[in-house]
Asks: 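Pasting a structure here, questions to come.
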Amino acid sequence: MQLAELIELKALEDERGYLLPLEADGAEVPFPVKRVYFMYGMPDDKERGKHAHRDTRQLLVCVHGAVTIDCDFGRGLPIRHFRLDSPTKGLLLGGLVWREMRDFSPGTVIAVLADEHYSEAAPKEIRNYEEFLSHAREEA
Ligand code: T46
């Protein structure tokens with residue numbers, strides 16, 4: 001898996017609307033899913049994220065609305081900006097990536113599929129930017 005990759009998801013349409021299937025460990029989600037979480041109710045002037053994970057793999061899908069996700073890889077690589085404005089756009093995050101979510105449109109709902117359980121006792125996020133850069137340099 002790349003550090004960050006925009007993938008196209010296929011929605012099935014008929015006269016009743018759309019159905020968008022995601023097969024874990026399959027074509028759309030290239031890892032076993034251990035956790036799903038949703039984000040909603042974001043004010044448009046707030047940001048979320050601002051941290052990195054050491055090695056958690058995630059698929060982010062903006063089910064409704066739109067969000068911009070800035071992905072900072074450290075390692076001397078340019079920051080990439082992804083606008084998720086359709087449920088058929090999925091953002092795969094595959095490693096040490098500093099992510100920031102901003103510019104939420106009203107009513108935005110984001111679903112995230114992750115390959116790890118969340119541990120409040122031993123959180124795996126790196127929330128200090130300098131620490132993230134230092135880990136990213138080690139991986140460069
Ligand atoms: C990420 C971006 C895209 C839980 O209890 N369980 C969970 O599975 C998660 C993800 C979070 N939490 C708790 C931890 C905090 O007390 O929920 C609270 C808010 O989490 P956080 O501030 O990390 O949320 P975001 O929106 O800044 O970041 C989230 C994910 O945490 C993160 O892994 O990649 O979305």
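Numbers here simply count residues along the sequence, with the first being 1. Start at 1 and go down the list; that is how both ligands and their atoms are numbered.
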Asks: Any protein N or O within less than 3.5 Å of an N or O in ligand 1? List each pair with its distance, or say none.
Replies:
unit_1   : atom_1 : unit_2 : atom_2 : d
ligand 1 : 8 (O)  : Arg35  : NH1    : 2.6
ligand 1 : 23 (O) : Arg127 : NH2    : 2.8
ligand 1 : 24 (O) : Arg48  : NH2    : 3.4
ligand 1 : 26 (O) : Arg48  : NE     : 2.5
ligand 1 : 26 (O) : Arg48  : NH2    : 3.2
ligand 1 : 27 (O) : Gly49  : N      : 2.8
ligand 1 : 33 (O) : Tyr37  : OH     : 3.3
ligand 1 : 33 (O) : His51  : NE2    : 3.4
ligand 1 : 33 (O) : His53  : NE2    : 2.6
ligand 1 : 34 (O) : His53  : NE2    : 3.4
ligand 1 : 34 (O) : Gln58  : OE1    : 3.0
ligand 1 : 34 (O) : Arg99  : NH1    : 2.6

Asks: Scan residues 36-48 for pairs that pass salt bridge (charged side-chain N to carboxylate O under 4.0 Å, His left out), counting only residues two or more places apart or in two chains.
Replies: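 Every pair satisfying salt bridge (charged side-chain N to carboxylate O under 4.0 Å, His left out) with a residue in residues 36-48: Glu47-Lys50.
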
Asks: Which residue pairs satisfy the salt bridge (charged side-chain N to carboxylate O under 4.0 Å, His left out) criterion with at least one member in residues 64-77, sequence neighbours excluded?
Replies: Asp70-Arg102, Arg75-Glu139

Asks: Under 4.5 Å between side-chain heavy atoms, chaining through other members, with only Ile, Leu, Val, Met, Phe, Trp and Tyr counted: pull out the rest of the cluster around Tyr118, sorted by chain and number.
Replies: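 The other cluster members (ILVMFWY side chains, heavy atoms under 4.5 Å, direct or chained): none.
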
Asks: Can you see whether His135 engages Arg54 through a side-chain donor-acceptor pair at a distance of less than 3.5 angstrom?
Replies: yes

Asks: Nearest heavy-atom pair of Ile110 and Met42: which atoms, and what distance?
Replies: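 Reported closest heavy-atom pair: CD1-CE, 4.0 Å.
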
Asks: Please give me the minimum heavy-atom distance between Arg35 and Tyr37, naming the atom from each residue.
Replies: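 Closest approach of Arg35 to Tyr37: NH1-CE2, 3.4 Å.
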
